[in-house]
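Notes for the one structure printed next.
Throughout, protein chains are lettered first and strands after them, A, B, ... in sequence-line order, and every chain is numbered starting at 1.
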Amino acid sequence: MTDQDAEPACLRFDEAKSFSDNCRTFLASLEKVDADMAIILRDNWAALIAVVREGERDSKARGEFNSKVASALDSLLKSAKPNGAA
Amino acid sequence: MMSRYFLTRLAVEGFRGVNNENDPLDIVFEPNSVNSVFAVNGIGKSSIFEALCYAIHGAIPKLQSLQAQERPQDYYCNRFHSKNTAFIALEFQSDDGTAPISIRIDRDAGGNRTVTSPSGHSDPEAFLATLKEAFALLDYRTFARFIEESPLERGRTFSALLGLADYSDCRQALQAASDSRTLNTDLEIKVLTTAIGAAQQAAQQALVTLRSSYENVTGKPLEDIVRLDECADEVTAALGNVELLKAHFVGKALNDIDFGKIKTAIKTAEAGEKRRELEKAVESIAALEALVVHDLAAVADEQHKIGALIDDRDRLLVLTRGDLFKRLYESAREVISKGAWTEDEKCPLCDSNLSSSIRGHVDEQLAQYAEAAAKISEIKDMWQASAWKKCLSAHEAAAPLAVEPQARQLAAMDADFASGDISRDDLAAAVTWTSGLTGKVAGVLMTAQGRKEALEKELPPSLVQLTEQVEYGRQFKDALKLYRNNQQEESAQQLRLDVRERWKTFISKATTVFAEAEAALSKARIKGIDAEYKSMFHEIMQVGDVVPDLQRADDREDLHVQLSDFHGQHRLSARALLSESYRNALAISVFLAAALKHSGAPRFVVLDDVTSSFDAGHQYFLMELIRTKLQQPQNTDGLQFIILSHDGLLEKYFDRLGGTTGWHHNKLQGSPPMGAILHQAQGADRLKTTIVSLLSAGQVSQAEPLIRQYLEYKLQQIIRRVDIPVPIDFAIKDTSRMVSNCLDAITSAVELHRKAETLVLDSQQVQDIDTAHVPAIVGNWVSHYETGSGSSLSAPVLSGVIKSIDALAECFKYDDGAVGATVRKWYRSLSKR
């Protein structure tokens, strides 16, 4: 489901929750924007987190994350096509 | 609720300045006390902080900032430790009664780190990871940087302190992942756009052939390309109507028809050289007509645009200063971005003052290189996607033009464009070559058409037309296949492009959502510590009319530090107005307020020399704040504080409180980096045992630093125990003369009390001090070792010094038999028992 114009309800992180729990809430909120894309982001979350560690940006890790995303997008297209379609 | 931990013990051997081979430096910290550790400069205080950094973070920032060629890995282990190995042992006590945890970190000679848990923790590395909180280890640099940093850097640094480092990192990661420029590159958006353009163009070319061949077979124009399947049937039907060909066409779809076989059948029907020549002429004409579809005006326009791009590129390259300078600017950017150079208006090479920002200058220079690189990339992309390339490729490959493989230029041009080295001259040569080929087409086509007409006149009309019809049929079949393949390719690539654009929109929105939530959380946390840090700042600086205020930006991670009140004026820059001590007091207040709010695994704060910019008064107020309001259990939600300092005046404060309830003091002494570091709590007896053992073995040079340590310890013990006054500069005098400074203080005090007739020591003790012990120590130690005499004294002489210092200490004690058994006690002072 895709509704890129949809605004997720104003997200607020819960102070009482851990970073991981808040990230889960964040990813869940994105399903309203674009469920397919939210799944790809969730599946590659660890690769995204590796892009910046302790304030240091790692361009190689960014490239790897985007590469994984590109593969996931291609897989999404393949799975959307009927069997045998080009 | 997770367990939180106090640090209760640190043992170190072979790490940084701590040699202590086979005799680890072993310091105990009390959870319910402020723990102070004092050492004069060079005695290993920093090594303790670094050991904790290495244990928890796996690295030491100071060594991390060294260049690779400086081999930072060679400086972790103590360079005088014979095995070149190190270990750091830590013990932690939980605040909720769960079992204590001990962790040991070893570093071998190869630089490998191993983490184990003698207490049996299942995942000691993971446990250490939980201690990686921004407030657990704080040094002066961290505080000093807080105000000086840009608002963005401060915001990011501070997020760690607020316990939001993960959020800040994640926000930055999302920003990096949604950056359009890098996304376009990483997701190959331009490659896909080019592929779509190429497929569209190839399909259009195939369509031209489809139209002409269809018309030649059926005699009518192809008007509706949506009906291509029907057109294919019409072509099949038209050819199947010919009696000679019927068997090859009837009941078959166009795709199943073997035109090669049909041509063979025609050849068989009427073999002959002229018929084959006619067939070849028809093929040539078709091939040449296919070349005509290339839009030469568009090609010329592209050639002109590429020429302009080459000019732009050359103009940009002139503005840059070559690869050598590029590396210089890249290194400079790294130096600046990693914080190795913070003086933005000074040149890092020559220290000269600049009239503008060095960061801005470096960014500007690198931007010029980036612009040139972008232009080169643009030239390459334009060539790859150009109609010119396709036109040239088709012309060089067209058999009627007979371009020999070795004469073809396309491959060389591809290489030139790919490398970005194509020059104006190369371009001109390529344009000339292309024009030459395209110019030949009309002539060759005319010749082929003339030959075809001549052959048609010579050959039987029916077979001539039949040969042509079959050839047009073949062309229609091939063109249809090509057209469909390219349509599919275009469609597939368009889908890939669309889904990537969909991702770009999504990740951009995700970044915004996360950033807004992170900003709201950060603001809430800042609001939560507002009262505390303002109160702490007031208590440390004892001023009421300077009130700091932290303001987090809405749309960025910027954290602004302002003064909401500055002697009646409002909303002013803290950085501009506050002196260094005020700035650091503000930073400490903010950090400690945040640390108190934190609920992470470490319930301890190690402060390394954080009072360097404070005068004695403000040091006192800070220490009192920690002691009375922040240390647990006085503050039930408080922390355990471990304060490392080399400040002699602060040491007086530590000394006064050491051993009282709520304060645990350690003093380090020794002779690093070669000798051992010991603290007083490790016991003078252990020190003495080691000295005696070394002297018995004749190891005088190893014993010497320990003897000095023992002498200093015993003499300062006398001073503390009998309350001997010392000069105000006692602690800050040359520490290499500490033994004689102590002896001077003791003998002066004894002499003063003797003259005042208030001395409590008995006459034998006074005589022993004057005539035996002090002269022995001065003669056999002070006059030799404090004057820089080169050679060592013998082991028996040094053994005598140890006996003299013990005997000297005994002169300040008496036998107290007032209550029960006789007990040997220190005099209360030189005038009182």
Between [X] and chain B, which part of the residue has a heavy atom less than 4.5 Å away: side chain, backbone, both or neither?
X	result
R62(A)	both
A38(A)	both
S18(A)	backbone
F65(A)	side chain

Query raised in the report: What pairs with E532(B) under side-chain hydrogen bond (donor to acceptor under 3.5 Å, both in side chains), at least two apart in sequence or on another chain?
Result: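 Counting only residues at least two positions away or on another chain, E532(B) forms no side-chain hydrogen bond (donor to acceptor under 3.5 Å, both in side chains).
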Query raised in the report: Residues two or more places apart in sequence or in another chain: which of them pass side-chain hydrogen bond (donor to acceptor under 3.5 Å, both in side chains) with S331(B)?
Result: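 S331(B) satisfies side-chain hydrogen bond (donor to acceptor under 3.5 Å, both in side chains) with no residue once adjacent residues are dropped.
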Taking the side chain as C-beta and beyond, is there a heavy-atom pair between [X] and [Y] under 4.5 Å?
X	Y	value
F514(B)	L30(A)	no
I49(A)	D169(B)	no
V499(B)	M37(A)	yes

When rounded to the nearest 0.5 angstrom, what distance separates [atom1] in [X] from [atom2] in [Y]?
X	Y	atom1	atom2	result
E64(A)	D186(B)	CD	CG	10.5 Å
F13(A)	S522(B)	CZ	OG	11.5 Å
D14(A)	L521(B)	CG	CG	9.0 Å

Contact part of [X] toward chain A, heavy-atom cut-off under 4.5 Å: side chain, backbone, both or neither?
X	result
R525(B)	both
L174(B)	both
A176(B)	both

Query raised in the report: Stepwise, does the side chain to side chain contact (heavy atoms under 4.5 Å, CB included) test hold for R171(B) with V52(A)?
Result: CA-CA 9 Å; R171(B) 176 180 174 145; V52(A) 178; over 6 Å; no
Query raised in the report: Relative to the ring of Y167(B), is the ring of F19(A) parallel (under 30°), tilted (30 to 60°) or perpendicular (over 60°)?
Result: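 If you compare the ring of F19(A) with that of Y167(B), the planes turn out perpendicular.
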**Report entry** Top contributor to chain A contacts, counting heavy-atom pairs under 4.5 Å, from T185(B), T182(B), T512(B)
**Finding:**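 Top count of heavy-atom pairs under 4.5 Å with chain A: T182(B).
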Report task. Scan D34(A), D36(A), V69(A) and name whichever one has a side chain to side chain contact (heavy atoms under 4.5 Å, CB included) with W503(B). Result ->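 Checked D34(A), D36(A), V69(A) against W503(B); only one passes side chain to side chain contact (heavy atoms under 4.5 Å, CB included): V69(A).
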Requested in this report: Determine, step by step, whether R500(B) and D74(A) satisfy the salt bridge (Lys or Arg N to Asp or Glu O under 4.0 Å) criterion, reporting the C-alpha distance in whole Å, the side-chain angles of both residues, the deciding distance to 0.1 Å, and the verdict.
Outcome: CA-CA 9 Å; R500(B) 279 158 174 73; D74(A) 287 339; 3.1 Å; yes
